[in-house]
Asks: 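Here it is, the structure in full.
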Amino acid sequence: MKKLTPYNAKRVEEEMLAFWNKNHIFERSLEQTKDGEPFSFYDGPPFANGLPHFGHSLVTSIKDSIGRFQTMRGRYVERRNGWDCHGLPVEFEIEKKLEISGKKQIVEYGIDKFNAACKESVFTYKKDWEEFFERIGRWSDTKNAYATIDTSFTESVWWVFAQIHQKGLIYKGYKSMPYCPRCATPLSNFEVNEGYKDHVLDPSLYVKFKLTDSDEYMLAWTTTPWSLPGNAALAVKEDADYVKLKLSDDSGNSEVVILAEKRTESLNADTFEVLEKLKGKDLVGKSYQPVFALHNLPKNDNLYTIWSADFVSIDDGTGVLHVAPAFGEDDLALGQANDIPVLQTVDNEGKIKTDIGLEGFEGKFFKGADKQIIEHLSSKGAVYAAEELEHTYPFCYRCDTPLLYYAIDTWFIAVSKIKDRLLATAKDINWTPENISTGRFGKWLEGARDWAITRNRYWGAPVPIWVNQDDENDYIVVESIEQLRDLAEGTPDLSDLHRPYIDNVIIKKDGKTYRRVEEVIDCWFESGSMPYAQKHYPFENTEQFEQSFPADYIGEGLDQTRLWFYVLHVISTILLDKPAYKNVLVNGMIMAADGQKLSKRLKNYPPIEDVFATEGADSLRFYLLSSAPAVNADYMRFDRDALRDINRNLFMTLGNSVSFLSMYAEIDGWRPKSLDVPTDLTNPLDIWLVALVNQTIENVTKAAENYDLAKASWPVYELVDELSNWYIRRSRRRFWKSEDDGDKADAYTTLHWALVTVCQLLAPYAPFASDYFYRHLVEDITNAPESVHLSTWPISTTDSSNILEQMAIVREVVNEGLAARASAGIKVRQPLANVTIASPQSLSKELLPIITDELNTKNIVVENAKELKVALDTNITQTLQNEGWAREVIRNVQQARKEAGLDVENRITLTLTTTDKQLSAAIEEFEKIIKNEVLATTISQKSQKLSFSKNVTIEGMALSISLQKA
Ligand SMILES: [Zn+2]
């Protein structure tokens, strides 16, 4: 073994990247395992039109480490990259880039040109992603990446869509949907979830609606004044108590208002008098006068009357609900059940419509009209009070526009119908952390709602529905390109399925003409279809698909619980009645050191390139993966000191340990012969290290199999610490000894095997350093795999000895003894005559020399006792004193050797001169030991100038050291 240069992360990582690339190590790891049992992994694809950032390092490290671990276990882990390419985020970016906004301007610009611009943009940052993956050590097959814009991908998405339709679960509904007026499209409820904002300031308006047959007013409350022109009804709670109040103002004017009795709490008691109590049902059926006079109202007797509705709350507002079927889910449902017309006063871009009798408000953005509407109603005397309130309001998660509920025709998947199956199949999913199963995910399934899957947009997979132009209820759902080609009029070019080309494909059947609906498919539907579509299933790769479904493992952040994890589950349950994945690891989130979100603007985290260049990708990976919160859906604070600590205490320490072995192996010409576990060991330190490594193998393997990455990685850090600070420290002398006896050979074999195993255990988490050290350790072994990532995962051998417990007792005794020394003020280098150990546990005889050595004592007496106690004989005789000084001399000479740049094996000529008689006597008494320890051929106390000299003091006594290579 050659000598090893000190560990430097950047140099090592760049060297390993070059080695992997040149020697195709990733490809070979796949080739080598291709007959192994497949381990299926689905990649949650990133959008290639956004740059990778610091936060991505966590999920990237997790995905890579699991792939590497399973590969070393002999599984065949296909790691295919994917790119999400469709959807609102891309369209929004392109609108900004082209300086256009809204659908009208897109159509004017040209759908073909707009979509071409979207297509061109989707891979803008593909190279940045690939470089990021490479630098952080994520192995994935980027050459065979799939993209959601591929025609083959879309064809499978159509097939999935058609399957769901054939099961009777796709329907068209006129529903009030969360709607982004800027994007002019409805959003699914889980998309809405992404965009709630707290502390949004909105009006809190009390509006008076005059009853037709009396001078009394219904008092309603709303936070959306803009929706009042669309008011079509009022609603009360049938069985609740209501009151008629006489309200008086300062000038003696009074009027009568009606509201829920409970809600009078919110009024000032001095200003009203209760005239009458009544029930909600007494109000039902009464008609009232609208606060806005719209033109061309539909003829309908149900308009502007009071209804009973269960969803009316008497815990807030006034217990009188303003019902606008155009702008509310419950409102529309009430309207549809009772034939109340929808008064649509807002167009699909969120602007107040023209020519409907709303002069003065026309063309205003809905929310922007609030103030003017309040002023208008106040001047008409229709306002009881106008205040402001802070509440939570949804915004478009992509363009940040306030959403509204908007009645629109949309296609749905009837998810609510299959809720029981969703819950049943979810039982087979193993979650990390476990509580998400019944918590965040389970609760979401319990409340599952129908999924709006169409978007009134341009850049997406087209909805494969062609509708009869004469009968909207007669439509064809196309499930393949071939089927469309058969049905289509003429011979359309179907190589690109995007709009606007697909819009021109017309189906003629039995004399009827079918045209495609305008919408595109929700891009989340595509994400949920990726298990099938990435393989172009069922059109090809049937066997491959079957082998890869369900995934053994997927992983993303907590937000995906109700997004990607959910849509995968919905689709697989409908199609195959089973979950799409067996194991899911939900990662947490990296926060800045101060607990804030990572922010580019605040610069509250280091640039990732800087981390790569200093602590290295391995340190970052190990730091993240060994953090329990980070790999268990929780928040972790990024602490650069902790990262540095890993760099130093794990990688540098491991490097020093490998260096130590290499250095002595070089001196002794020792060569490792195999990677087998050493056997027939006699030295308790060797037996202990083998047992400790075995125990670590067992623990970390179990944890990795259970996707508990913190417990799979951290014990390796502890093992390296034990190996370096106990095994090597205690074994140093065994490597020094010049006689080539069996004990020394055992020390070599044991340490070598332990270090190789450590590299293997580290390989999934720190792929660079582990491979670098591994390659150094095995370079002399023929037949050893060329890379740690081509080696097989170590298997622990059982160990029936109780060496680990025994050594633990020894460590405890030593700690106790060193503490006693410290409190007695006696340096460790000062030998003692005797130490008495009172111990409740029996001490192994073989291990006593370790205690003797560690506590630097001539003798040990062991006694039985209830409690551990270590007593020192503090009587220092002259000889002991001299030996202590001699030890100090040795330490100083060793230091001088280092400073003189000598190799450990170099023999020296040494002079030690002092005017102090006592020190001189001590040197004389222990000359032989000094000579031995510092590899001096001669020691002279006569002053002579050798090539290296230095002066030191030992307990106030001056000593001149002079030495040179013998
Ligand atoms: Zn939007």
Side-chain angles (χ1 to χ4, degrees), residues 47 49-50 84-109 111 114-115 117-119 121-122 148 175-198 200 202 224 226-227 326-329 344 346-353 363-370 391-412 449 451-463 499 518-527 559 562-564 567:
F47 270 112
N49 76 331
D84 253 348
C85 307
H86 282 143
L88 272 183
V90 184
E91 290 196 42
F92 184 55
E93 284 303 313
I94 295 306
E95 282 180 73
K96 276 201 295 195
K97 199 172 143 194
L98 298 174
E99 293 176 348
I100 57 175
S101 179
K103 286 162 67 169
K104 220 169 103 198
Q105 291 185 11
I106 294 176
V107 173
E108 278 165 18
Y109 181 79
I111 299 174
F114 180 77
N115 272 357
C118 288
K119 185 175 184 176
S121 81
V122 291
T148 56
K175 283 199 188 183
S176 186
M177 296 293 301
Y179 184 88
C180 173
R182 199 217 66 86
C183 300
T185 186
L187 301 174
S188 67
N189 54 327
F190 46 84
E191 283 174 310
V192 175
N193 249 344
E194 294 298 293
Y196 274 102
K197 285 190 192 172
D198 294 330
V200 177
D202 266 324
T224 56
W226 60 265
S227 69
F327 308 120
E329 261 186 303
Q344 188 50 276
V346 173
D347 70 14
N348 65 6
E349 291 182 331
K351 292 174 184 155
I352 308 274
K353 282 188 173 176
K364 280 203 164 263
F365 191 61
F366 73 106
K367 272 215 153 195
D370 276 347
H391 64 164
T392 304
Y393 195 87
F395 289 76
C396 177
Y397 76 124
R398 287 306 175 194
C399 76
D400 219 24
T401 304
L403 301 182
L404 69 157
Y405 271 84
Y406 195 77
I408 190 172
D409 265 328
T410 308
W411 295 84
F412 290 89
R449 309 181 64 172
W451 175 8
I453 44 164
T454 57
R455 298 289 177 271
N456 303 60
R457 295 295 304 187
Y458 306 97
W459 183 236
V463 173
R499 295 187 72 186
E518 260 192 16
E519 292 94 325
V520 295
I521 302 176
D522 175 7
C523 60
W524 285 109
F525 187 88
E526 294 180 90
S527 310
D559 54 336
R562 294 174 172 189
L563 294 168
W564 190 50
V567 295

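Both counts, for ligands and for their atoms, begin at 1 and track the order of listing.
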Asks: Using a cut-off of 2.8 Å, how many protein N, O or S atoms lie below it in distance from the Zn ion (ligand 1)?
Replies: 4
Asks: Using the six-membered ring wherever Trp is involved, compare the ring planes of F525 and W451 and label them parallel, tilted or perpendicular (cut-offs 30° and 60°).
Replies: tilted
Asks: How would you list, by chain and number, every residue that makes a side chain to side chain contact (heavy atoms under 4.5 Å, CB included) with A452, sequence neighbours excluded?
Replies: M177, T410, F412, R455
Asks: Sequence neighbours excluded, which residues qualify as side chain to side chain donor-acceptor pair (under 3.5 Å) partners of R562?
Replies: none
Asks: Can you tell me how far apart OG1 (T401) and CZ (F365) are? Round to the nearest 0.5 Å.
Replies: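 That separation rounds to 6.0 Å.
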Asks: Between R182 and D400, does any side-chain N to carboxylate O distance fall below 4.0 Å?
Replies: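 The answer is no: the pair does not qualify as a salt bridge.
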Asks: Could I get the full list of side chain to side chain contact (heavy atoms under 4.5 Å, CB included) partners for F114, not counting sequence neighbours?
Replies: E91, I94, E95, L98, I100, I106, Y109, C118, Y458
